[in-house]
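Notes to accompany the following structure.
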Amino acid sequence: MTLEKELAGRIALVTGGASGIGAKTCDVLARRGAWVVVVDFDLPGAQRVADSLRDHGVECLALSADVTDPTAMEAAISQTVQRFGALHLAVNNAGIASPLAPVGELDIDIWHRVVGVDLTGTFLSLRFQIPAILKSGGGAIVNLASILGLNGMAGRGAYAAAKHGVVGLTKSAALDYAQQNLRVNAVAPGYVDTPLLSDRDPAERAAIADLHPIGRMAQPGEIAEMIAFLLSPRASFITGQTYLVDGGYSIR
Ligand code: NAI
C-alpha cells in the first residue's frame, strides 16, 4: 500500500476539527484515505472542513459537540459508529489558550474553563472513544499537548497545568490498553500559526518566532504530519509517548 492511502478503511474522528491544527489534520488523514468525522462546537466551520475533504474521495461527517459536555461527546461517538459502523482513530485536539496572569492573580473561572476544555475535554473524548475503538478491533489515539505540557511558562499556569495533565493521561491510557491493540500518544507543538494566536500583535508574534531556534512558528501541516504518522501502522510499536514538534524550542 502506498503511503498516500495507508489509512484506507480507517474511520477517524478529530475534535476541534473546524480550525487550525485540527482542520489540517482532517485534511492529511483524508488524503491518506481515512473517512473523517469533524467534531467542533463551531458546526458551520466543521461542515466547511468536511465538505473540502470530499475532494479526496472519502466519506466525511461534521458534528457539533462541546468537548466539555459528556452527553454531547457520547452522542458524537455514537453517531459516528451509527453512520460509519466503527471508530479506529481519534485526535483530541479541541483546546483553548489561557489569558496571561500569574497564578496568584489567576481568575478562578478562567482556571476552570481552561482545565475544563484542555484536560477534562480530552478525558471525556477518550472516555467515549475508547470503548468504540475497542469494539472496532483497536486503533490509535493522539492527544494534543504542548511545549507547555513539558515546560512551565510565567503567566500560563492554567494552560501548562492542563497540558501536563494531558501528558499524564496519555501515559496512563496507553498502559490501560497496551495489550488491546490501542495505542495512545501525544504531540507537543511549539507555537503554531493558527487562529489560537489571533490576539497576538505583530511584535509579540515576532518575539514568539524568536523563541524557536528554527526562527519561526510552525505551520499547522507540520504538526498534522506527526499526528498522522502516530496514527499510522508505521508507528505500531509506539505508545504512551509525547512527541515535541517545536522547532528546537525545548533544546535551547
Ligand atoms: P484553533 O483555535 O485554531 O482551533 C481550535 C478548535 O477547537 C476551534 O475550531 C474551536 O472551535 C474548537 N474548540 C475549542 N473549544 C472547544 C470545545 N469546548 N468543544 C469543541 N470544540 C472546541 O487552535 P489550534 O492552534 O489549532 O490548537 C489546536 C490544539 O493544539 C489545542 O489543543 C491547542 O492547545 C494545541 N496547541 C496549539 C498551539 C499553537 O501555538 N497554536 C501550540 C501547542 C498546542
Side-chain angles (χ1 to χ4, degrees), residues 13-28 37-50 62-77 90-99 110 112-126 128-129 141-151 153 156 158-167 169-170 186-200 204-205 207-209 211-212 216-224 226-227 242-247 249-250:
L13 182 150
V14 180
T15 71
S19 171
I21 296 166
K24 192 66 197 177
T25 299
C26 290
D27 187 68
V28 173
V37 181
V38 188
V39 176
D40 206 293
F41 61 14
D42 169 11
L43 184 58
Q47 195 65 63
R48 268 195 302 279
V49 171
L63 294 175
S64 167
D66 185 327
V67 295
T68 65
D69 177 350
T71 308
M73 287 314 292
E74 186 173 22
I77 309 306
V91 182
N92 294 317
N93 161 84
I96 55 172
S98 58
I110 288 177
H112 284 303
R113 179 80 191 131
V114 172
V115 172
V117 177
D118 292 356
L119 179 55
T120 307
T122 301
F123 161 68
L124 291 173
S125 302
L126 292 167
F128 297 109
Q129 290 159 357
I141 298 175
V142 172
N143 299 319
L144 264 290
S146 162
I147 41 175
L148 298 196
L150 299 162
N151 303 276
M153 183 178 279
R156 304 282 180 200
Y159 186 82
K163 293 298 188 180
H164 275 73
V166 168
V167 171
L169 185 60
T170 299
V187 170
Y191 285 86
V192 189
D193 193 3
T194 73
L196 193 79
L197 304 180
S198 56
D199 60 336
R200 315 297 171 96
E204 201 181 347
R205 288 173 64 84
I208 287 172
L211 295 171
H212 304 80
R216 61 175 175 82
M217 289 192 235
Q219 291 302 312
E222 293 174 303
I223 312 304
M226 177 60 95
I227 295 169
T242 296
Y243 282 91
L244 284 156
V245 184
D246 71 351
Y249 177 101
S250 310

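Just follow the structure's listing: the first ligand is 1, and inside any ligand the first atom is 1.
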message: For N151 versus A160, what's the shortest heavy-atom pair and its separation?
response: O-CB, 4.2 Å
- request: Taking only heavy atoms of Y191 into account, list the atoms of ligand 1 that are under 4.0 Å away from them.
  value: 40 (O)
- line: Looking only at protein heavy atoms, what sits closest to atom 6 (C) of ligand 1 is G16 O, 3.6 Å
- request: Compare all side-chain heavy atoms of T68 with those of T120 and state whether any distance is below 4.5 angstrom.
  value: no
- request: Check whether any N or O atom of K163, backbone or side chain, sits under 3.5 Å from an N or O atom of ligand 1, and answer yes or no.
  value: yes
statement: re atom 30 (O) of ligand 1, the protein heavy-atom contact at minimum distance is I21 CD1, 3.5 Å
query: Can you tell me how far the CG atom of L150 sits from the NZ atom of K163, to the nearest 0.5 Å?
result: 11.5 Å
query: Between the main-chain N or O of S125 and the side-chain N or O of N92, is there a donor-acceptor pair closer than 3.5 Å?
result: no
- request: Could you tell me the residue and atom name of the protein heavy atom closest to atom 18 (N) of ligand 1, and the distance to it rounded to 0.1 Å?
  value: D66 OD1, 2.9 Å
statement: What one should report as the nearest heavy-atom pair of A65 and A76 is CB-CB, 4.3 Å
field: Donor-acceptor pair, side chain of N143 and main chain of V167, under 3.5 angstrom
entry: no
message: Within the structure, is a non-hydrogen atom of T15 found at a distance of less than 4.0 Å from ligand 1?
response: no
query: Are any of the heavy atoms in A145 under 4.0 Å away from ligand 1?
result: yes
task: Can you see which heavy atom on R200 is nearest to which on Y191, and at what distance?
output: NH1-CE2, 4.1 Å
Closest protein heavy atom to atom 20 (C) of ligand 1, given as residue, atom name and distance to 0.1 Å: A65 O, 3.2 Å
- prompt: Is the shortest distance from a heavy atom of A188 to ligand 1 less than 4.0 Å?
  reply: no
query: Heavy atoms, side chains only, cut-off 4.5 Å: are V67 and T122 in contact?
result: no
- line: Looking only at protein heavy atoms, what sits closest to atom 13 (N) of ligand 1 is F41 CE1, 3.7 Å
task: Take the angle between the ring planes of H212 and Y249 and call it parallel below 30°, perpendicular above 60°, tilted in between.
output: tilted
- prompt: Looking at G190, which atoms of ligand 1 are within less than 4.0 Å of one of its heavy atoms?
  reply: 40 (O), 42 (C), 43 (C)
message: Geometry only, no angles: is T194 polar-contacting ligand 1 at N/O separations under 3.5 Å?
response: yes
Heavy-atom nearest neighbour in the protein, as seen from atom 33 (C) of ligand 1, with distance rounded to 0.1 Å: Y159 OH, 3.6 Å
- request: Please report which non-hydrogen protein atom sits nearest to atom 5 (C) of ligand 1, along with the residue it belongs to and the distance in Å to one decimal place.
  value: G95 O, 4.0 Å
task: Say whether, by atom type as modelled, one donor and one acceptor occur between the side chain of N93 and the main chain of G16 under 3.5 angstrom.
output: yes
query: So which protein heavy atom does atom 28 (C) of ligand 1 come closest to, and at what separation?
result: N93 OD1, 3.0 Å
query: Applying a strict 4.0 Å limit to heavy atoms, is A46 in contact with ligand 1?
result: no
task: For atom 41 (N) of ligand 1, state which one of V114, V192, V91, V39 supplies the nearest heavy atom.
output: V192
task: Would you tell me which option among V14, D40, I147, L196 has the nearest heavy-atom contact to atom 11 (O) of ligand 1?
output: D40
message: Tell me whether D118 has any N or O atom under 3.5 angstrom from an N or O of ligand 1.
response: no
task: For residues Y159 and A97, report the shortest heavy-atom separation together with the two atoms involved.
output: CD1-CA, 4.0 Å
field: G20 neighbourhood, listing ligand 1 atoms whose heavy-atom distance to it stays under 4.0 Å
entry: 3 (O), 26 (O)
query: Backbone, side chain, both or neither: what part of A97 comes under 4.0 angstrom of ligand 1, heavy atoms only?
result: neither
Geometric N/O contact V67 with ligand 1, under 3.5 angstrom: yes
field: Per-residue contact class, A23 against ligand 1 - non-hydrogen pairs under 4.0 Å
entry: neither
task: Using a strict cut-off of less than 4.0 Å between a Lys/Arg side-chain nitrogen and an Asp/Glu carboxylate oxygen, indicate whether D193 and R205 qualify as a salt bridge.
output: yes
- prompt: Hey, are the side chains of K24 and I223 touching, using non-hydrogen atoms and a 4.5 Å cut-off?
  reply: no
message: Set out, in order, the CA-CA distance, both residues' side-chain angles and the distance that settles side-chain contact (heavy atoms from CB on, under 4.5 Å) for L144 and I227, then state yes or no.
response: CA-CA 9 Å; L144 264 290; I227 295 169; 3.9 Å; yes
message: With a cutoff of 4.0 Å, is P195 in contact with ligand 1, counting heavy atoms of the residue only?
response: yes
